[in-house]
Number of protein chains: 2
Amino acid sequence: MSEIDERPSTLRPTRQRLAITDALRAGVDFQSAQEIHDSLRHAGEKVGLATVYRTLQAMADAGDVDVRHNPAGETTYRRCSTSHHHHLVCRSCGRTVEITGSAVEKWAHSIGDEHGFIDVSHTVELVGLCAECAALPAN
Amino acid sequence: MSEIDERPSTLRPTRQRLAITDALRAGVDFQSAQEIHDSLRHAGEKVGLATVYRTLQAMADAGDVDVRHNPAGETTYRRCSTSHHHHLVCRSCGRTVEITGSAVEKWAHSIGDEHGFIDVSHTVELVGLCAECAALPAN
DNA sequence: TTAATTGCAAATCCTTTGCAGATTC
DNA sequence: GAATCTGCAAAGGATTTGCAATTAA
């Protein structure tokens with residue numbers, strides 16, 4: 001009764017899939033299926049939106065890309081092993097600062113080891129009030 | 001041209017809002033608007049779904065609750081200051097381990113300070129492959 | 001009384017699915 | 001030729017919005 005793995009034994013390197021892989025490689029950070037679809041369209045590659053969704057999902061299942069959700073509620077994808085960074089976002093004005101924290105990287109890794117998990121990736125998001133917004137009278 | 005703060009100056013403590021606050025307090029972890037709506041309904045409180053959405057959104061804007069997205073893509077809320085923990089999830093079987101990491105808490109805080117942010121909350125999610133799934137031949 | 005709040009239903013937006021035709025092996 | 005993939009359009013599900021009625025201050 002345990003359905004753990006459902007991937008088809010073959011994954012065909014079609015034009016569409018290669019294009020999507022390229023788009024992921026071109027993007028620096030997480031991108032939504034819609035963004036990738038647009039990006040492909042602008043690049044002259046014609047790929048159906050449904051195909052983009054299906055492919056990204058398959059890649060995520062296979063562990064080839066990391067998944068997260070952006071504030072807009074979209075599911076976003078990023079190829080693994082991209083130079084890794086996080087964001088510190090102001091909850092009032094949306095100002096964003098990029099963070100590179102080797103400290104968390106190590107922490108994530110050691111937690112994984114501790115529980116017998118391998119191949120651990122992580123997602124971190126810091127949300128706070130930036131100095132400017134904190135200074136506003138309304139706050 | 002800078003619309004930074006749009007909150008109405010008054011936030012009325014209506015029956016609905018109090019009920020939603022209670023529901024948040026009752027829940028141990030992140031809950032979606034729909035879950036809270038159900039929970040209220042079962043508790044005998046009649047509150048419109050739209051109201052739940054609007055209220056949670058307002059609370060999030062005000063910084064009274066933390067927001068995250070669950071794997072299903074739903075937006076979920078948790079009152080701030082709940083005993084804080086994170087999750088380590090197996091990307092294959094979904095097995096979940098709760099993590100309490102004071103290390104990250106401190107890290108998040110110091111990063112905030114470093115950039116002049118106050119009132120910094122954070123969201124962390126670790127995704128990996130658990131020992132059991134890693135042992136499966138298919139993987 | 002006025003401004004904020006609510007409920008309902010309609011409207012949006014993102015994502016998934018059914019299915020026939022195209023494609024890869 | 002068989003198993004996969006694609007695209008399109010329809011279907012689903014979550015969230016938002018318009019608007020008239022209701023309620024708190």
Side-chain angles (χ1 to χ4, degrees), chain A residues 5-24 27 30-62 64-78 138, chain B residues 3 5-24 27 30-41 43-62 64-78 138:
Chain A
D5 201 339
E6 294 296 2
R7 314 171 209 160
S9 38
T10 24
L11 254 208
R12 295 176 180 167
T14 62
R15 171 179 66 75
Q16 292 88 333
R17 287 191 178 152
L18 294 175
I20 292 172
T21 299
D22 278 352
L24 280 169
F30 283 86
Q31 303 175 80
S32 69
Q34 315 246 7
E35 283 168 347
I36 289 180
H37 181 247
D38 278 359
S39 145
L40 291 177
R41 189 165 278 283
H42 289 152
E45 288 282 2
K46 261 189 64 180
V47 181
L49 182 55
T51 300
V52 175
Y53 273 105
R54 279 190 283 233
T55 300
L56 288 173
Q57 228 168 239
M59 293 175 108
D61 285 349
D64 295 334
V65 294
D66 283 340
V67 186
R68 77 144 49 174
H69 295 276
N70 67 19
E74 291 178 318
T75 306
T76 59
Y77 304 84
R78 178 191 67 186
Chain B
E3 301 295 337
D5 202 340
E6 294 295 4
R7 314 172 207 162
S9 38
T10 22
L11 254 207
R12 297 178 180 166
T14 62
R15 172 179 66 75
Q16 291 87 334
R17 286 190 179 153
L18 294 175
I20 291 172
T21 300
D22 278 353
L24 280 169
F30 284 87
Q31 303 176 81
S32 70
Q34 314 248 7
E35 283 168 348
I36 289 180
H37 181 247
D38 277 0
S39 145
L40 291 177
R41 190 165 276 285
E45 289 283 1
K46 262 189 64 181
V47 181
L49 182 56
T51 299
V52 175
Y53 274 105
R54 280 189 282 232
T55 300
L56 288 173
Q57 231 168 236
M59 295 176 107
D61 285 348
D64 295 334
V65 295
D66 284 340
V67 186
R68 79 143 47 174
H69 295 276
N70 66 20
E74 290 178 318
T75 307
T76 58
Y77 305 84
R78 178 191 66 185

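Keep in mind that the numbers below use all heavy atoms, side chains included, and drop hydrogens, waters and symmetry copies. Chain naming here is simple, since letters A, B, ... match the order of the sequence lines and numbering starts at 1 in each.
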Counterpart residues, side chain to side chain contact (heavy atoms under 4.5 Å, CB included), relative to B:Leu40 (two or more places apart): B:Ala19, B:Ile20, B:Ala23, B:Ile36, B:Glu45, B:Val47, B:Val52
Short side-chain N/O contact from B:Gln57 to OP1 or OP2 of D:dT16, under 4.0 Å: yes
Whole angstrom value for the distance that separates [atom2] of [N] from [atom1] of [X]:
X       : N      : atom1 : atom2 : value
A:Leu18 : C:dT23 : CG    : P     : 15 Å
B:Gln16 : D:dA21 : CD    : P     : 18 Å
A:Ile20 : D:dT6  : CD1   : P     : 7 Å
B:Glu35 : D:dT15 : CD    : C1'   : 15 Å
A:Arg17 : C:dT24 : CZ    : P     : 11 Å
B:Glu45 : C:dG7  : CD    : C1'   : 15 Å
A:Lys46 : D:dG7  : NZ    : C1'   : 9 Å
B:Asp38 : D:dA14 : CG    : P     : 10 Å

Do [X] and [Y] make a side-chain contact, defined as non-hydrogen atoms from C-beta onward lying under 4.5 Å apart?
X       : Y       : result
B:Phe30 : B:Asn70 : no
B:Thr55 : B:Met59 : yes
A:His69 : B:Thr75 : no

To 10°, what angle do the rotation axes through the five end pairs on each side of the helix from C:dT1-D:dA25 to C:dC25-D:dG1 form? 40°
D:dA25 base to B:Arg12 side chain: any donor-acceptor pair below 3.5 Å? no
So what does A:Thr75 hit on the nucleic acid, given a heavy-atom distance under 4.0 Å: a base, only sugar-phosphate, or nothing? sugar-phosphate
Tell me what A:Gln34 touches on the nucleic acid: a base, only sugar-phosphate, or nothing, going by heavy atoms under 4.0 Å. base
Of all the nucleotides listed ([options]), which has the minimum atom distance to the side chain of [X]?
X       : options               : answer
B:Leu49 : C:dA9, D:dT15, C:dT16 : D:dT15
B:Arg54 : D:dT15, D:dG18, D:dG7 : D:dG18
A:Pro13 : C:dC25, D:dG7, C:dC14 : C:dC25

What pair of heavy atoms forms the shortest contact from A:Val67 to A:Ala60, and how long is it? CG2-CB, 3.6 Å
Would you confirm whether A:Thr21, through its side chain, and A:Arg17, through its main-chain N or O, come within 3.5 Å as a donor-acceptor pair? yes
May I ask you to decide if A:Lys46's main-chain N or O and A:Arg15's side chain share a donor-acceptor pair within less than 3.5 Å? yes
Can you work out whether B:Tyr53 or B:Arg15 has the more 5'-proximal nearest nucleotide on DNA chain D? B:Tyr53
I want to confirm an ordering. Mapping B:Thr76 and B:Thr14 to their closest nucleotides on DNA chain D, which one lands closer to the 5' end? B:Thr76
